[in-house]
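For reference, the structure discussed in these notes is given below.
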Amino acid sequence: MKQLSKTYNPKKIESKIYYLWEKSGFFNPDKLPKRHKKPYTILLPPPNVTGSLHMGHALNATIQDILIRQKRLEGFKTLWLPGTDHAGIATQNVVEKELKKEGKTRFDLGRKRLIEKIWQWKEKYGDVILDQLKKLGASCDWSRTRFTLDKEYADAVKKAFLYYYKKGWIYRGKRVINWCRRCATSLSELELEYKQERGTLWYIRYPLKKPEKKLKEKYVVVATTRPETMLGDTAVAVNPKDKRYKSLVGQKIILPLVNREIPIVADNLVDPKFGTGAVKVTSAHNLTDYQISLKHKLPLIQIINEGGKLTKKVPSLYHGLSVEEARKKIISNLEELNLIQKSEPYFHQLPYCYRCDTKIEILPSEQWFLKMDKLAKKAITPVKKGKVKFYPKNFKKTYLDWLENVRDWCISRQLWWGHKIPLKGENDVLDTWFSSALWPFATLGWPQKTKDLETFYPSDVLSTARDIIHLWVVRMMFSGIELMKKNPFKRVYIHPIVLTRTGQRMSKSLGTGINPLDLIEKYGADATRFGLAWQIMGGQDMKFVEDNIIMGKKFCNKIWNASRFVLMQTKGLKSKKQNYDLNFQTRNLTLADRKILKSLNKTIGLVNKYLENFLFGKATHALYDFFWHDFCDKYIEISKSQILEAKYQKETKKILLYILSVSLVLLHPFIPFITEEIYQTLPLKKKRGCLMIEKWPSSQIIRDS
RNA sequence: GGGCGCGUAGCUCAGAGGUUAGAGCGUCACACUGACAUUGUGAAGGUCAUAGGUUCAAAUCCUGUCGCGCCCACCA
């Protein structure tokens with residue numbers, strides 16, 4: 001028999017054990033023993049190919065591995081399918097930034113060569129994060145690893161798009177976007193840089209068409225930092241609760257300089273405290289105004305073109321002027337008409353292009369949309385009816401509230417890296433989330449009718465972060481229901497967000513992030529996992545403290561040494577019957593024997609209950625208390641004297657071995673490496689080769705008699 | 001602005017109507033006897049944010065106040 005060293009050294013065993021698991025093939029459900037029949041599926045939320053492991057990933061991977069390992073032990077045919085997301089904007093940006101270092105832009109390369117370059121980058125760095133998950137002990141079936149841009153996946157995306165298209169749910173429409181006139185491209189929120197700037201807030205008098213006699217004023221005064229956009233105004237808006245303007249809602253304004261009639265509308269997006277409480281609405285050139293215009297069905301009047309010049313939609317006096325020129329001219333014209341009440345300095349944040357530092361224009365542009373009315377209803381029903389459950393349950397509200405007022409989904413992006421829209425003459429690509437939405441079934445072979453799809457869809461649990469409930473969970477739900485005719489998962493677990501000790505979000509750029517790989521290096525993967533799981537209590541956030549990882553490390557060492565003790569005592573002992581069916585002679589049991597067996601029973605029950613409800617912190621606490629306090633502090637100490645008495649000796653040794661064996665199984669989902677290593681040295685007669693596929697204990701081991 | 005949540009020991013958190021409010025880490029004292037000093041035994045440390053209310057009984061339920069955080073939207 002192999003000797004265990006005096007202290008636990010994770011570095012010595014982790015890679016060895018991981019290799020043992022991979023070699024066993026048991027990560028792959030098809031290679032599990034035949035008794036594993038009933039499928040149990042978890043799909044790893046695919047990290048971005050640009051990503052490297054952060055605490056959120058480590059936490060979620062720990063959670064999923066706990067669940068999948070426990071189910072594997074329970075005899076399920078478990079699949080945990082990994083993969084990565086092409087993450088359109090993020091990835092293209094990474095490569096474009098590299099180009100920038102060489103003084104080049106994507107336009108220098110052209111579309112084809114840029115995409116080639118991104119693929120090269122992906123091949124080189126794209127799987128880094130998956131390798132990092134292995135360090136944590138993740139028991140994913142790596143043979144099924146998928147990428148949201150690989151060929152089969154692209155077929156699925158195409159199929160899904162065309163399905164919606166033929167239904168008539170995909171349409172072309174206008175949408176207001178961020179535009180860089182120098183790069184000649186639209187920009188996402190991620191690609192903007194905001195700069196604090198001193199501007200001017202002008203208060204402009206807008207004449208009422210029919211001034212009410214009881215009102216002294218013949219005007220409504222609006223405040224704006226961009227007077228030139230008034231040429232494209234389509235309304236004036238006030239807050240519906242604003243008493244000052246109540247009587248004006250529904251009346252008309254004669255837009256100065258243009259002499260166009262526009263309505264006064266009420267909308268709660270208007271902040272009554274800003275300026276005069278009345279704002280001009282420029283539907284085509286302001287994002288908020290665009291939202292207001294959608295609700296009130298106002299027209300879009302594009303007065304600024306892609307080059308930053310005024311279009312022919314404005315009076316000829318202003319044709320072709322740049323935005324800056326137009327502003328000067330309009331101010332002076334308004335002053336001549338005595339329509340400027342006052343002006344004051346105003347500080348605000350303005351968006352710039354992150355690449356070329358040009359001020360962003362907001363313009364309407366043609367985009368593709370997916371109609372949401374029917375799909376949203378389909379996504380609502382199963383959650384409302386409880387067919388798909390959220391844990392913790394309050395996230396059901398987050399999910400449903402958003403869907404109740406969902407707008408049509410803009411699915412096109414002006415990028416090069418992504419799934420091309422599968423229609424003739426289209427250059428745009430699809431929103432990254434359009435492909436992620438198909439993850440629960442495209443990864444299993446859809447649209448082909450594969451055996452995997454039949455076996456592993458729908459998945460059992462989706463574990464993810466709450467900030468992508470809208471972006472991702474909702475979209476998977478309706479995609480699954482529409483295209484597979486079945487909900488894509490049964491339960492959605494929303495894990496806590498890992499914050500710094502002071503309660504801030506961890507951020508690489510601020511240097512407040514903690515690298516889980518450093519923790520693994522310092523304390524071992526098991527300690528890191530146990531410490532993380534220990535902290536998962538009911539709250540929606542968790543402030544990370546290293547103390548808990550230290551606890552995990554100490555606990556591992558305790559397990560290690562308790563095992564050494566048991567192994568010393570039971571050297572050469574082989575249980576006659578199969579592993580856990582030790583046949584205790586009830587009348588020979590001492591009070592202490594009885595107590596520890598009962599306590600084990602109770603612990604098994606608790607762990608089952610807690611895991612079923614995603615209460616990982618509770619489960620780890622129960623295991624910790626049982627193993628350390630009941631088993632080590634009490635039973636092991638008493639066993640030392642029991643072993644000295646001939647009539648108890650044999651039974652005591654059997655119990656020691658038994659409690660340890662069962663504990664290792666119970667602990668395995670949380671701390672897989674150390675438990676596997678110890679298991680390999682246990683003197684049990686029948687072993688299954690890997691603790692990973694041992695039998696999860698039933699809680700009816702001993703009766704209370 | 002909308003949503004969600006949190007203020008309990010020095011720190012991170014349990015406890016969710018009923019005797020002396022718990023854990024881990026940290027601190028202090030003592031103990032290296034054969035599993036483990038990454039240990040053992042013991043100790044110190046808390047008007048449970050605050051003000052009212054409900055109740056025989058409130059850390060726990062209700063209301064207000066103060067403080068903190070996260071997510072979403074937005075900054076005209």
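These values consider heavy atoms only, across backbone and side chains, with no hydrogens, waters or symmetry-generated copies.
- Using a 4.0 Å heavy-atom cutoff across all strands shown, A:Lys558 reaches at least one base atom of the nucleic acid.
- At a threshold of 4.0 angstrom between heavy atoms, the contacts of A:Trp534 are confined to the sugar-phosphate backbone, with no base atom among them.
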(request) Would you sort out whether A:Asp541 and A:Val498 count as a side chain to side chain contact (heavy atoms under 4.5 Å, CB included), showing the intermediate values? (result) CA-CA 6 Å; A:Asp541 302 327; A:Val498 186; over 6 Å; no
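- Among the heavy atoms of the strands lying under 4.0 Å from A:Thr224 are primed sugar atoms or P, OP1, OP2 only; no base atom is included.
- Across all strands shown, A:Ile469 has no heavy atoms under 4.0 Å from either base or sugar-phosphate atoms.
- Only the P atoms considered, B:U60 is 13 Å distant from B:U8, to the nearest whole Å.
- Inter-residue side-chain proximity for A:Ile536 and A:Ile63 is flagged as met; some heavy-atom pair is nearer than 4.5 Å.
- Listed by chain and number, the residues in a salt bridge (Lys or Arg N to Asp or Glu O under 4.0 Å) with A:Asp85 amount to none (sequence neighbours excluded).
- With rounding to whole Å, A:Phe544 atom CZ is found 13 Å from B:C11 atom C1'.
- Looking at heavy-atom distances under 4.0 Å, A:Gln535 makes contact with sugar-phosphate atoms alone, never a base.
- With sequence neighbours left out, A:Trp472 forms a side chain to side chain donor-acceptor pair (under 3.5 Å) with no residue at all.
- Figure legend: A:Arg491 and A:Tyr391 shown as a cation-pi pair, the cationic atom lying under 6.0 angstrom from the six-membered ring centre and within 45 degrees of its axis.
- Every residue was checked against the salt bridge (Lys or Arg N to Asp or Glu O under 4.0 Å) condition with A:Lys297, not counting sequence neighbours, and none meets it.
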(message) For Watson-Crick and G-U wobble pairs within 3.5 Å on both distances, what is RNA chain B written in dot-bracket notation, | included for inter-strand pairing?
(response) ((((((((.[[[[.)..(...]]]].(((((.......))))).....[[[[[..)....]]]]])))))))....
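- Among the nucleotides B:C70, B:C13, B:G26, the one closest to the side chain of A:Lys554 is B:G26.
- One can find a donor-acceptor pair under 3.5 Å joining the base of B:A35 and the side-chain atoms of A:Lys640.
- For A:Ile636, the side-chain atoms get nearest to B:A35 when compared with the rest of B:C4, B:G69, B:A35.
- For the segment residues 613-623 of chain A, residues with any heavy atom less than 4.0 angstrom from an atom of RNA chain B are, sorted by number, A:Lys618.
- Picking from B:C36, B:C4, B:C13 the nucleotide with the shortest atom distance to the side chain of A:Met537 gives B:C13.
- Atom C1' of nucleotide B:G26 and atom CD1 of A:Ile550 are separated by 10 Å, given to the nearest angstrom.
- Among the atoms of the strands shown, base atoms are found under 4.0 Å from some heavy atom of A:Cys632.
- Ranking B:C71, B:C74, B:G69 by closeness to the A:Asp541 side chain, first place goes to B:G69.
- Taking the six-membered ring for Trp and the full ring otherwise, the centers of A:Phe616 and A:Tyr610 sit at least 6.0 Å from each other.
- If you check every strand for non-hydrogen atoms under 4.0 Å, A:Asn394 touches sugar and phosphate atoms only.
- Straight-line distance from the CG atom of A:Asp625 to the P atom of B:C13: 19 Å, rounded to whole Å.
- For the atom pair CD1 (A:Ile262) and CG (A:Leu255), the distance works out to 4.5 Å, reported to the nearest 0.5 Å.
- Pairs passing the salt bridge (charged side-chain N to carboxylate O under 4.0 Å, His left out) check and including a residue from residues 553-563 of chain A, sequence neighbours excluded, do not occur.
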